[in-house]
**Student:** 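Got a structure here, written out as structure tokens. Questions coming.
Chain A is the first sequence line, chain B the second, and so forth, proteins listed ahead of strands; every chain is numbered from 1.
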Amino acid sequence: MTADDRQPVRIRYAPSPTGPQHIGGIRSALFGWLFARRHGGQFILRIEDTDQKRSVPGSIEMIQDAFDWLGMDIDEGPRQGGPYGPYIQSQRLELYQTWAHWLVEKGQAYKCFATAEELAQMREAGSGYDRRYRDLDPATAKRLESQGQDYVIRFKMPLTGKTSGYDMIRGEVTFDNEQLQDTVLLKSDGFPTYHLAHIVDDHHMKISHITRAVEWLPSFPLHLKIWEALGWEKPHFAHLPVLLNPNGKGKLSKRKERFAAADGTSVPVLVHEFIDAGYLPAAVLNFLTNIGWNFGDDREVFSLSEAIERFDLTDVNPANSAYPIAKLHWLNGQYIQSADVDHLAGLLKPVLQSAGYEVDDARLRRVVPILQVRLKTLNDVIAMAGFFFDEWDCFAAPPTEILFQKKMDGRATKQVLEASIPLIESLADFGHERQYAAFKDLAKKIGYKNGQVFGTLRAAVTGQRVSPPTFETMEILGKAESIRRIKLACDSLE
RNA sequence: GGCCCCUUCGUCUAGCGGCCUAGGAUGCCACCCUUUCAAGGUGGAGACACGGGUUCGAGUCCCGUAGGGGCUACCA
């Protein structure tokens, strides 16, 4: 099915403002967003804050910031405004109340005066709400109301028959009406429940396709009946599969923050955690798009705009997926590898700075190319190349366990280092290729393997066993600094 | 418990009755390249949950079983 029968395509992401933006919500939003963009439609952000108890101040900003970081532009919402606002449900209360009472007048819903105690008793009895106020005579209802008795408005669900609806991802889905309860539409505090609010809003905001997580599938028939009772034309529906924990057990959305997987890897779940971990937005988007949907042509790496050209909700895999976090690590490396040097330098700079380094732009620009192929996340730059940005004056000779290479002791190490100094001094051209050739000759001359000589130099000059290529590194450090460090190492061996 | 959804390599997936001796990716292993680590190259192990049908023919359609996920609130 295409959206051609419903123009324009209007999709909304409708989170509750309960805290930082979770990656699971982004995945659902992304599929809707891709669909909207594919069809030249609009993407709307609507805040569903009808549960006051759960609302967390600042959530809206966090949600918007997350979309900004990812580059998923929003056409209408609390920040951007739009012709169908306000886009925050708590500012639309009268609308829901009006329609709830309209349904009561039409006999499609009713006031229920059950107290919390009554409800608790019924719950203990095990069968849920028993519809005891469904057929209350109007006189009694009026009396209770005039006595100031609190009530909710419940939907009159058909007691028999079946309801089926079409889901774009799974096709026809059928339910027995008797399974459904007389769900609350309007709470006693005057706030609507999700069931009423989203329908009223989706209708008034002219939403063409309702895209939402699969946990809404059980209430799909209820919603269909409410749409019918309201007499409104129904949108299309797509119930999106959800992300499961990496081991495939349990919903990922239950994790409220970063956690350690069974193999010890750290698993981010909040958008700001992806930022903190040094992932690139393009990689995260590519990663998410590859779960439950695939680009085709056996391609795993593709841009957002390429995905937009091909995406269709009907192609989404209906099965939930374990969260393949290891793939993000790889994908992020791919994106870093192919990133533009200046762009990457711009991303690396704040990472270095927040780790306490003073960053010289020119030096960073020289370091990035030799780093690019070995970074998986932006944060890897600290361990791999932080030494470039340390105070050089503070550089100290590394301990012997780093300095000594295979089958080498202090004497051998010293021999190599001492031989290196005059060699470096003699090089008019200090480019890494020239160094490579010169040190290869040196190794041969003094009877050591290339790896031993090169490794010794690496350790002496970087203080690390793992680093960017030795000669490229020395080239950037410069002749004088390289020699100074080698001498330092040499002296430490006396 | 009841209802609904789902089920291809460890994981993400391709597959919409014959193109499948099941393809790609990741992860893992080996080898090559090699100044470490990567990257890159080559190769390897690795799956149609099970049982019945339907059909000339089933990973692909149907039923059942098992397993997984979800819903069952005056939460969304």
**Student:** When the P atoms of B:G52 and B:C31 are considered, how many whole Å apart are they?
**Tutor:**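 After rounding to an integer number of Å, I get 45 Å for this pair.
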
**Student:** So, A:F31 versus A:W293, ring centres under 6.0 angstrom or not?
**Tutor:**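 They do not qualify: ring centres at least 6.0 Å apart.
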
**Student:** Between the base of B:C37 and the side chain of A:R374, is there a donor and acceptor pair under 3.5 angstrom?
**Tutor:**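 In this structure, the two groups form a donor-acceptor pair.
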
**Student:** Roughly how many Å apart are B:C32 and B:A22, using the P atom of each and rounding to a whole number?
**Tutor:**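 Taking atom P in both B:A22 and B:C32, they lie 30 Å apart.
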
**Student:** May I have the distance from A:L185 (atom CG) to B:A76 (atom P), rounded to whole angstrom?
**Tutor:**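 These atoms are roughly 12 Å apart.
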
**Student:** Report yes if at least one side-chain N or O of A:K53 is closer than 4.0 Å to OP1 or OP2 of B:A76; otherwise report no.
**Tutor:**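 No.
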
**Student:** For a quick check of understanding: with a heavy-atom distance under 4.0 Å over all strands, which category does A:G128 fall into, base, sugar-phosphate or nothing?
**Tutor:**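 Nothing, no nucleic acid heavy atom in range.
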
**Student:** Rounding to an integer number of Å, can you tell me how far A:I210 CD1 sits from B:A76 P?
**Tutor:**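 A:I210 atom CD1 is separated from B:A76 atom P by 16 Å.
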
**Student:** Starting at CG of A:N245, measure out to CG of A:N320 and round the result to the nearest 0.5 Å.
**Tutor:**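 Here the interatomic distance stands at 11.5 Å.
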
**Student:** B:C75 phosphate, OP1 or OP2: any side-chain N/O from A:K187 under 4.0 angstrom?
**Tutor:**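 Checking A:K187 against B:C75: at least one side-chain N or O falls below 4.0 Å of OP1 or OP2.
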
**Student:** Does the B:C74 base have a donor-acceptor partner in the side chain of A:S188 within less than 3.5 Å?
**Tutor:**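 A donor-acceptor contact between them is present.
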
**Student:** Does a side-chain N or O of A:K440 approach OP1 or OP2 of B:U34 to a distance below 4.0 Å, or not?
**Tutor:**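 No, outside the criterion.
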
**Student:** So if I apply the ring pair (Phe, Tyr, Trp, His ring centres under 6.0 Å) rule between A:F454 and each of A:F439, A:Y448, A:F471, which one comes out positive?
**Tutor:**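 By the ring pair (Phe, Tyr, Trp, His ring centres under 6.0 Å) criterion, A:F454 pairs with just one of A:F439, A:Y448, A:F471: A:F471.
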
**Student:** To the nearest angstrom, how far is A:L240 atom CG from B:G70 atom P?
**Tutor:**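 Rounded to whole Å, this separation is 16 Å.
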
**Student:** Taking the same atom, P, in B:C19 and in B:U60, what whole-Å distance lies between them?
**Tutor:**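 Here B:C19 and B:U60 have their P atoms 13 Å from each other.
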
**Student:** Are A:H195 and A:F155 an aromatic pair, judged by ring center distance below 6.0 Å?
**Tutor:**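 Ring-ring flag for A:F155/A:H195: false, centres at least 6.0 Å apart.
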
**Student:** Is there a donor on the side chain of A:R465 or the base of B:U36 sitting less than 3.5 Å from an acceptor on the other?
**Tutor:**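 A donor-acceptor contact between them is absent.
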
**Student:** Look at the side-chain N and O atoms of A:R299 and state whether any lies under 4.0 Å from the OP1 or OP2 oxygen of B:G24.
**Tutor:**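 So the side-chain polar atoms of A:R299 never come under 4.0 Å of the phosphate oxygens OP1 or OP2 of B:G24.
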
**Student:** Is the phosphate of B:G40 approached by A:Q334 (side-chain N or O, under 4.0 Å from OP1 or OP2)?
**Tutor:**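 Yes, because at least one side-chain N or O of A:Q334 sits under 4.0 Å from OP1 or OP2 of B:G40.
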
**Student:** Phosphate oxygens OP1/OP2 of B:G15: is one of them under 4.0 Å from a side-chain N or O of A:N294?
**Tutor:**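 For A:N294, the contact criterion (side-chain N or O under 4.0 Å from OP1 or OP2 of B:G15) is not met.
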
**Student:** Is there a Watson-Crick or G-U wobble partner for B:G1 with both distances under 3.5 Å, and if so, which one is it?
**Tutor:**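 Across any shown strand, B:G1 pairs with B:U72.
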
**Student:** Tell which nucleotide pairs with B:C19, taking only Watson-Crick or G-U wobble pairs whose two distances are both under 3.5 angstrom.
**Tutor:**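 Its partner is none (no Watson-Crick or G-U wobble pair with both distances under 3.5 Å).
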
**Student:** Give a yes/no answer on whether the side chain of A:K254 brings an N or O atom under 4.0 Å of OP1 or OP2 in B:G70.
**Tutor:**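 Answer yes for this pair, as a side-chain N or O of A:K254 is under 4.0 Å from OP1 or OP2.
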
**Student:** To the nearest Å, give me how far apart CG (A:L196) and C1' (B:A76) are.
**Tutor:**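 Taking CG of A:L196 and C1' of B:A76, I get 14 Å after rounding.
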
**Student:** A:N332 CG to B:C12 P: how many Å, rounded?
**Tutor:**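 Interatomic distance, CG of A:N332 to P of B:C12: 20 Å.
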
**Student:** Applying the Watson-Crick and G-U wobble criteria at under 3.5 Å, what pairs with B:U26? Answer none if nothing qualifies.
**Tutor:**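 By the stated definition (distances under 3.5 Å), B:G10 pairs with B:U26.
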
**Student:** Report the C-alpha distance between A:R299 and A:D297 in whole Å, list the side-chain angles of each, state the deciding distance to 0.1 Å, and finish with yes or no for salt bridge (charged side-chain N to carboxylate O under 4.0 Å, His left out).
**Tutor:** CA-CA 5 Å; A:R299 271 183 64 191; A:D297 301 341; 5.7 Å; no

**Student:** Establish, with yes or no, whether the OP1 or OP2 oxygen of B:U11 is under 4.0 angstrom from a side-chain nitrogen or oxygen of A:Y323.
**Tutor:**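 Checking B:U11 against A:Y323, no side-chain N or O comes under 4.0 Å of OP1 or OP2.
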
**Student:** Please determine if A:R310 forms a cation-pi arrangement with A:F295, meaning its NZ or CZ atom is less than 6.0 Å from the six-membered ring centre and no more than 45° off the ring axis.
**Tutor:**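 So A:R310 does make the cation-pi contact.
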
**Student:** If pairing requires Watson-Crick or G-U wobble contacts with both distances under 3.5 Å, which nucleotide is the partner of B:A49?
**Tutor:**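 Result: B:U65.
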
